[in-house]
Amino acid sequence: MPVSENPYAAPLASVGETVDPGIRDEVRKQIKYAWVAASISGLLTLVFALVAISGTSIFGYTAWELVDAALVFGLAFGIYKKSRICAVVTFAYFIAAKIYMMVEAGQPNGIVLAMVFAFFYYQGVIGTFAYHKIVRSHAAQHPGRV
(Lines give C-alpha, C1' and ligand atoms only; values in the text may rest on other atoms or scores of the structure.)
Protein backbone atom coordinates (compact mmCIF):
# COMPACT_ATOMS: atom_id res chain seq x y z
CA MET A 1 0.00 0.00 0.00
CA PRO A 2 1.48 3.40 -0.95
CA VAL A 3 2.36 5.63 1.98
CA SER A 4 -0.17 8.27 0.95
CA GLU A 5 -3.01 5.73 1.23
CA ASN A 6 -1.96 4.33 4.62
CA PRO A 7 -4.60 5.45 7.13
CA TYR A 8 -2.08 4.99 9.96
CA ALA A 9 0.61 7.16 8.40
CA ALA A 10 1.37 10.52 9.92
CA PRO A 11 -0.27 13.40 8.07
CA LEU A 12 1.93 15.13 5.55
CA ALA A 13 0.96 18.52 6.95
CA SER A 14 -1.50 20.00 9.35
CA VAL A 15 -4.37 22.04 8.00
CA GLY A 16 -3.05 25.30 6.58
CA GLU A 17 0.58 24.20 6.58
CA THR A 18 2.73 23.18 3.67
CA VAL A 19 5.39 20.54 3.54
CA ASP A 20 8.85 21.83 2.69
CA PRO A 21 10.82 18.65 2.13
CA GLY A 22 14.48 19.14 2.90
CA ILE A 23 14.53 22.88 2.29
CA ARG A 24 17.79 24.25 3.65
CA ASP A 25 17.76 27.23 5.99
CA GLU A 26 19.93 29.13 3.50
CA VAL A 27 17.21 28.86 0.83
CA ARG A 28 14.54 29.96 3.29
CA LYS A 29 16.65 32.97 4.28
CA GLN A 30 17.28 33.98 0.67
CA ILE A 31 13.55 34.00 0.00
CA LYS A 32 12.76 35.78 3.27
CA TYR A 33 15.34 38.53 2.69
CA ALA A 34 13.88 39.19 -0.77
CA TRP A 35 10.26 39.50 0.33
CA VAL A 36 11.23 41.59 3.35
CA ALA A 37 13.31 43.92 1.13
CA ALA A 38 10.40 44.22 -1.31
CA SER A 39 8.02 44.96 1.57
CA ILE A 40 10.33 47.69 2.85
CA SER A 41 10.63 49.14 -0.64
CA GLY A 42 6.86 49.09 -1.06
CA LEU A 43 6.36 50.72 2.33
CA LEU A 44 8.84 53.51 1.56
CA THR A 45 7.22 54.09 -1.83
CA LEU A 46 3.79 54.19 -0.20
CA VAL A 47 4.93 56.72 2.43
CA PHE A 48 6.57 58.98 -0.16
CA ALA A 49 3.50 58.78 -2.41
CA LEU A 50 1.20 59.70 0.49
CA VAL A 51 3.46 62.63 1.37
CA ALA A 52 3.36 63.72 -2.29
CA ILE A 53 -0.45 63.49 -2.30
CA SER A 54 -0.56 65.76 0.76
CA GLY A 55 1.09 68.47 -1.31
CA THR A 56 4.73 68.17 -0.27
CA SER A 57 7.12 67.41 -3.10
CA ILE A 58 9.59 64.71 -2.12
CA PHE A 59 12.01 63.06 -4.55
CA GLY A 60 9.65 63.87 -7.41
CA TYR A 61 7.06 61.37 -6.22
CA THR A 62 3.43 61.71 -7.27
CA ALA A 63 0.19 59.88 -6.61
CA TRP A 64 1.13 57.50 -9.44
CA GLU A 65 3.66 55.91 -7.10
CA LEU A 66 0.69 54.33 -5.31
CA VAL A 67 0.45 51.99 -8.30
CA ASP A 68 4.15 51.23 -7.95
CA ALA A 69 3.73 50.52 -4.23
CA ALA A 70 0.82 48.16 -4.92
CA LEU A 71 2.87 46.36 -7.57
CA VAL A 72 5.86 45.97 -5.24
CA PHE A 73 3.63 44.71 -2.40
CA GLY A 74 2.07 42.18 -4.77
CA LEU A 75 5.49 41.00 -5.91
CA ALA A 76 6.66 40.77 -2.28
CA PHE A 77 3.69 38.52 -1.53
CA GLY A 78 4.53 36.41 -4.56
CA ILE A 79 8.11 35.97 -3.35
CA TYR A 80 6.77 35.08 0.09
CA LYS A 81 4.73 32.36 -1.62
CA LYS A 82 7.99 31.25 -3.33
CA SER A 83 7.10 32.37 -6.87
CA ARG A 84 10.07 32.31 -9.23
CA ILE A 85 8.27 34.64 -11.63
CA CYS A 86 7.68 37.25 -8.91
CA ALA A 87 11.32 37.03 -7.79
CA VAL A 88 12.64 37.53 -11.33
CA VAL A 89 10.15 40.33 -12.09
CA THR A 90 11.02 42.11 -8.83
CA PHE A 91 14.75 41.95 -9.59
CA ALA A 92 14.33 43.09 -13.21
CA TYR A 93 11.80 45.81 -12.32
CA PHE A 94 14.07 47.19 -9.62
CA ILE A 95 17.11 47.29 -11.92
CA ALA A 96 15.11 48.92 -14.73
CA ALA A 97 13.59 51.49 -12.35
CA LYS A 98 16.99 52.41 -10.90
CA ILE A 99 18.51 52.81 -14.36
CA TYR A 100 15.57 54.98 -15.41
CA MET A 101 15.86 57.13 -12.27
CA MET A 102 19.60 57.58 -12.74
CA VAL A 103 19.17 58.56 -16.39
CA GLU A 104 16.45 61.06 -15.44
CA ALA A 105 18.56 62.52 -12.63
CA GLY A 106 21.69 62.56 -14.76
CA GLN A 107 23.75 61.09 -11.93
CA PRO A 108 23.87 57.88 -9.91
CA ASN A 109 22.00 58.75 -6.72
CA GLY A 110 21.67 56.21 -3.93
CA ILE A 111 23.85 53.63 -5.63
CA VAL A 112 24.94 51.92 -2.39
CA LEU A 113 21.37 51.41 -1.15
CA ALA A 114 20.32 50.30 -4.64
CA MET A 115 23.08 47.69 -4.62
CA VAL A 116 21.88 46.38 -1.24
CA PHE A 117 18.30 45.98 -2.49
CA ALA A 118 19.52 44.45 -5.77
CA PHE A 119 21.58 41.95 -3.77
CA PHE A 120 18.55 40.88 -1.71
CA TYR A 121 16.33 40.63 -4.80
CA TYR A 122 18.97 38.52 -6.56
CA GLN A 123 19.13 36.27 -3.51
CA GLY A 124 15.36 35.86 -3.82
CA VAL A 125 15.76 34.71 -7.42
CA ILE A 126 18.39 32.17 -6.38
CA GLY A 127 16.33 31.05 -3.38
CA THR A 128 13.04 30.56 -5.24
CA PHE A 129 14.72 28.57 -8.01
CA ALA A 130 16.57 26.42 -5.44
CA TYR A 131 13.32 25.89 -3.53
CA HIS A 132 11.48 24.62 -6.60
CA LYS A 133 14.41 22.42 -7.59
CA ILE A 134 14.35 20.77 -4.15
CA VAL A 135 10.57 20.33 -4.22
CA ARG A 136 10.70 18.87 -7.73
CA SER A 137 13.47 16.46 -6.68
CA HIS A 138 11.50 15.41 -3.60
CA ALA A 139 8.37 14.82 -5.68
CA ALA A 140 10.32 12.64 -8.10
CA GLN A 141 11.77 10.57 -5.25
CA HIS A 142 8.46 10.27 -3.36
CA PRO A 143 5.60 10.05 -5.87
CA GLY A 144 2.20 10.43 -4.28
CA ARG A 145 3.50 12.51 -1.38
CA VAL A 146 3.55 16.28 -1.58
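Basis for what follows: all heavy atoms, side chains included, without hydrogens, waters or symmetry-related copies. The first residue in the sequence is number 1, and the count goes up from there.
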Colleague: How far does CD of Glu26 sit from CD1 of Ile31, to the nearest 0.5 angstrom?
Modeller: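 It is 11.0 Å, given to the nearest 0.5 Å.
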Colleague: Are Met101 and Leu75 linked, directly or through intermediate hydrophobic residues, by side-chain heavy-atom contacts shorter than 4.5 Å (ILVMFWY only)?
Modeller: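 Cluster IDs for Leu75 and Met101 differ.
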Colleague: Using the side chain to side chain contact (heavy atoms under 4.5 Å, CB included) criterion, which residues pair with Ala97? Sequence neighbours excluded.
Modeller: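 If we apply the side chain to side chain contact (heavy atoms under 4.5 Å, CB included) test to Ala97, skipping adjacent residues, there are no hits.
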Colleague: How many angstroms lie between CZ in Phe77 and NZ in Lys81, if you round to the nearest 0.5 Å?
Modeller: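 Phe77 CZ to Lys81 NZ: 5.0 Å, rounded to 0.5 Å.
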Colleague: To the nearest 0.5 Å, how far apart are OH in Tyr80 and OG1 in Thr128?
Modeller: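 Answer rounded to 0.5 Å: 15.5 Å.
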Colleague: Answer whether the closest heavy-atom distance between the side chains of Met102 and Ile111 falls below 4.5 Å.
Modeller: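 Yes - at least one pair of side-chain heavy atoms lies under 4.5 Å apart.
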Colleague: Does Ile79 offer a backbone N or O that forms a donor-acceptor pair with the side chain of Ser83 under 3.5 Å?
Modeller: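 Here the side-chain-to-backbone pair does not exist.
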Colleague: Side-chain polar contacts of residues 117-126 - donor-acceptor pairs under 3.5 angstrom, sequence neighbours left out - could you list them?
Modeller:
| from | atom 1 | to | atom 2 | distance (Å) |
| --- | --- | --- | --- | --- |
| Gln123 | OE1 | Gln30 | NE2 | 2.9 |

Colleague: Give the table of side-chain donor-acceptor pairs shorter than 3.5 Å for residues 40-55, with sequence neighbours excluded, one pair per line with atom names and distance.
Modeller:
| from | atom 1 | to | atom 2 | distance (Å) |
| --- | --- | --- | --- | --- |
| Thr45 | OG1 | Ser41 | O | 2.8 |
| Ser54 | OG | Val51 | O | 2.6 |

Colleague: Do Val112 and Met115 have side chains that approach each other closer than 4.5 Å (heavy atoms only, starting at C-beta)?
Modeller: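 Answer no - side chains too far apart.
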Colleague: How far apart are the C-alpha atoms of Val88 and Phe129, what are their side-chain angles, what is the distance that settles it, and do they pass the side chain to side chain contact (heavy atoms under 4.5 Å, CB included) test?
Modeller: CA-CA 10 Å; Val88 170; Phe129 274 86; 3.8 Å; yes
Colleague: Applying a strict under-4.5 Å side-chain criterion to I, L, V, M, F, W and Y, I'd like to know whether Trp35 and Ile95 cluster together.
Modeller: yes
